[in-house]
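Handing you this structure, nothing more for now.
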Amino acid sequence: MANESLANGGGTRNPRPSSLSSLELDSSLDHSVQTRIFKIIVIGDSNVGKTCLSFRFTGGSFPEKTEATIGVDFREKTVEIEGEKIKVQVWDTAGQERFRKSMVEHYYRNVHAVVFVYDVTKMASFENLKTWIQECNGHHVSPVVPRVLVGNKCDLVGQIQVPSNTALKFADSHNMLLFETSAKDSKESQNVESIFMCLACRLKAQKSLLYRDVERQDGKVKLSQESASKNSCPC
Ligand SMILES: Nc1nc2c(ncn2[C@@H]2O[C@H](COP(=O)(O)OP(=O)(O)OP(=O)(O)O)[C@@H](O)[C@H]2O)c(=O)[nH]1
Ligand SMILES: [Mg+2]
C-alpha cells in the first residue's frame, strides 16, 4: 500500500495522541536541549497533491505512486532557523470526507499553521476552498494562526484553469500568502520548501514575541493579540 511505503521512505509515522506537546526532548541532541515542534496541517480537496507536497518537503522527492490518504499521514522535518533547531511536523490530511470525518478534531487541535491546497488545473478544488476555510474557522482556529494558500500542479502548463490573479485576489481577501508550485517538478522543490520554511519563520518570530509579551491576568495567561500578529518573517 502506498501509504505504508511512504511510511518507510519519507519519515511518515502514525498520528500521535491529540495531547501532543509543542515541546519535546529530542533524543538525538544533548538532553538539556528542547526542540520546539510546529504542527502544520495540510488541507484541501482529494487529489490536489497534499501528500505529494508534504512528501516533497519532508522526503525531498516526488512519490511515484500515492493512494488516497486515510485519516492522516504524519511527517516531520527538523529545520534550523537562526541557530534554533525546530521540528516541523506536517499533518497530511485526507481530502475524502469518508476518510477524514473521525479525525477532524485531531487535525485542528493545537495547530500552529494551516496550508490550504488547490489544484491549478481543477477549478472545483479552488472553489471548494471556501468550505475548507469554513471548516477551519468552525474549529476555533485562532486568527493569529498563519495560513497560506498553495496552487499545486503548475507543471501542467496547458491545463491551467485557475488564473494567478484570481487566486491572488482570493488569498489577499483572506489575508493569506499565495504560493503557486508543483510537487512534481524538481525545479520547484525550493518553492515547496519555502511554503513550510516561511511558516516556520513566522511561527518562530511570533512565538518569541509571545513568550516575551505574555501577561498574567486573574491567574490566567493572556496573550497580547498585537504581539501575536507582529513578526519579523521576510515573506
Ligand atoms: N502533474 C502533477 N501531478 C501531481 C502533482 N502533485 C500531485 N500530483 C498527482 O496528483 C495525484 C494526487 O496526489 P496526492 O498527493 O495523493 O493527492 P492528495 O491531495 O493527498 O489526495 P487525498 O489523500 O485523497 O486527499 C497523484 O496522482 C499525484 O501523482 C504535481 O505537482 N503535478
Ligand atoms: Mg493524500
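Order of appearance sets the numbers: ligands from 1, and atoms from 1 within every ligand.
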* To do: Could you tell me the residue and atom name of the protein heavy atom closest to atom 16 (O) of ligand 1, and the distance to it rounded to 0.1 Å?
  =>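 Here the nearest protein heavy atom works out to Thr66 OG1, 2.7 Å.
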Quiz prompt | Any N or O of Glu67 closer than 3.5 Å to N or O of ligand 1 | solution = no
_What protein heavy atom lies closest to atom 19 (O) of ligand 1? Include the residue and the distance to one decimal._
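Protein heavy atom at minimum distance: Lys50 NZ, 2.8 Å.
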(request) Would you mind checking if Asp92 and Lys50 are paired as a salt bridge, meaning a charged N to carboxylate O distance below 4.0 Å? (result)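 Salt bridge between Lys50 and Asp92, a charged N being under 4.0 Å from a carboxylate O: no.
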**Prompt:** Do the side chains of Lys184 and Lys153 get nearer than 4.5 Å, heavy atoms only?
**Reply:**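 Answer no - side chains too far apart.
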Output, in order, the C-alpha distance, side-chain angles, deciding distance and verdict of side chain to side chain donor-acceptor pair (under 3.5 Å) for Asp119 and Ser125.
CA-CA 6 Å; Asp119 175 347; Ser125 71; 5.4 Å; no
* Asked: Under 3.5 Å, is there a donor-acceptor pair between the Thr69 and Thr51 side chains?
  -> yes
_Heavy-atom donor-acceptor pair, Thr93 side chain to Val42 backbone, under 3.5 Å_ = yes
Show the atoms of ligand 1 that are less than 4.0 angstrom away from any heavy atom in Thr69.
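Every atom of ligand 1 under 4.0 Å from some heavy atom of Thr69: 22 (P), 23 (O), 24 (O).
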Ligand 1 to Gly95, heavy atom cutoff 4.0 Å, flagged ligand atoms 22 (P), 25 (O)
Pull out every atom of ligand 1 sitting under 4.0 Å from any heavy atom of Asp45, numbered as shown with elements.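 The list of qualifying atoms is 19 (O).
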Q) Closer than 2.8 Å to the Mg ion (ligand 2), which protein N, O or S atoms? A)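 Those protein N, O or S atoms (cut-off: under 2.8 Å from the Mg ion (ligand 2)) are Thr51 OG1, Thr69 OG1.
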_Can you confirm whether the side chains of Glu127 and Tyr118 place a donor and an acceptor under 3.5 Å from each other?_
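Absent: no donor and acceptor within the cut-off.
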Q.
Between Asn191 and Glu180 (side chain of the first, backbone of the second, donor and acceptor by atom type, cut-off under 3.5 Å), is there such a pair?
A. yes
Option whose closest heavy atom lies nearest to atom 17 (O) of ligand 1, chosen from Ala68, Ser54, Ser46, Gly49:
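Comparing heavy atoms across Ala68, Ser54, Ser46, Gly49, the nearest one to atom 17 (O) of ligand 1 lies in Gly49.
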closest protein heavy atom to atom 21 (O) of ligand 1 is Asn47 N, 2.9 Å
Residue, atom and distance of the protein heavy atom nearest atom 6 (N) of ligand 1 read Asn152 ND2, 3.1 Å
For this session: Check whether any side-chain N or O of Glu84 sits under 3.5 Å from a backbone N or O of Arg36 as a donor-acceptor pair, and report yes or no.
Result: no
With a 4.0 Å cut-off on N to O distance, would you call Glu76 and Lys39 a salt bridge?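 So Glu76 does not pair with Lys39 through a salt bridge.
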Quiz prompt | Closest to atom 4 (C) of ligand 1 among Lys153, Arg56, Gln96 (heavy-atom distance) | solution =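 Going through Lys153, Arg56, Gln96 one by one, Lys153 has the nearest heavy atom to atom 4 (C) of ligand 1.
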In ligand 1, the atoms that come under 4.0 Å of a heavy atom of Ser182 are 31 (O)
Worksheet item: Under 30°, 30 to 60°, or over 60°: which ring-plane class applies to Trp91 and Phe74, parallel, tilted or perpendicular?
Response: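 Trp91 vs Phe74 ring planes: perpendicular.
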Under a heavy-atom criterion of less than 4.0 Å, does Val117 contact ligand 1?
no
Query raised in the report: Mind checking whether Leu177 and Val90 sit in one hydrophobic cluster, side chains of I, L, V, M, F, W, Y counted as touching below 4.5 Å?
Result: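 Yes, same cluster.
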Can you tell me how the ring of Phe38 sits relative to the ring of His112, calling it parallel under 30°, perpendicular over 60° and tilted otherwise?
perpendicular
- Task: Give a yes or no on whether Lys77 atom NZ has more than 12 heavy-atom contacts from other residues, nucleotides or ligands under 6.0 Å away.
- Result: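 Yes, NZ of Lys77 has more than 12 neighbouring heavy atoms, counting only those of other groups under 6.0 Å.
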Residue pairs meeting ring pair (Phe, Tyr, Trp, His ring centres under 6.0 Å), one or both in residues 154-175, sequence neighbours left out, come to Phe126-Phe170, Phe170-His174
In this structure, would Leu53 and Leu156 fall into the same cluster of hydrophobic residues linked by side-chain contacts under 4.5 Å? no
So the atoms of ligand 1 within less than 4.0 Å of a heavy atom of Leu156 turn out to be 1 (N)
protein heavy-atom neighbour closest to atom 29 (O) of ligand 1 works out as Phe62 CZ, 3.3 Å
Taking only non-hydrogen atoms of Cys52 and a 4.0 Å limit, the atoms of ligand 1 in range are 6 (N), 7 (C), 13 (O), 15 (O), 28 (C)
>> How far is atom 32 (N) of ligand 1 from the closest protein heavy atom, and which atom is that?
In response: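 Atom 32 (N) of ligand 1 sits closest to the protein heavy atom Asp155 OD1, 2.7 Å.
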So is Ala183 polar-close to ligand 1, meaning N/O to N/O under 3.5 Å? yes
Is_contact(atom 27 (O) of ligand 1), protein non-hydrogen, under 4.0 Å: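 For atom 27 (O) of ligand 1 the answer is no, since every protein heavy atom stays at 4.0 Å or beyond.
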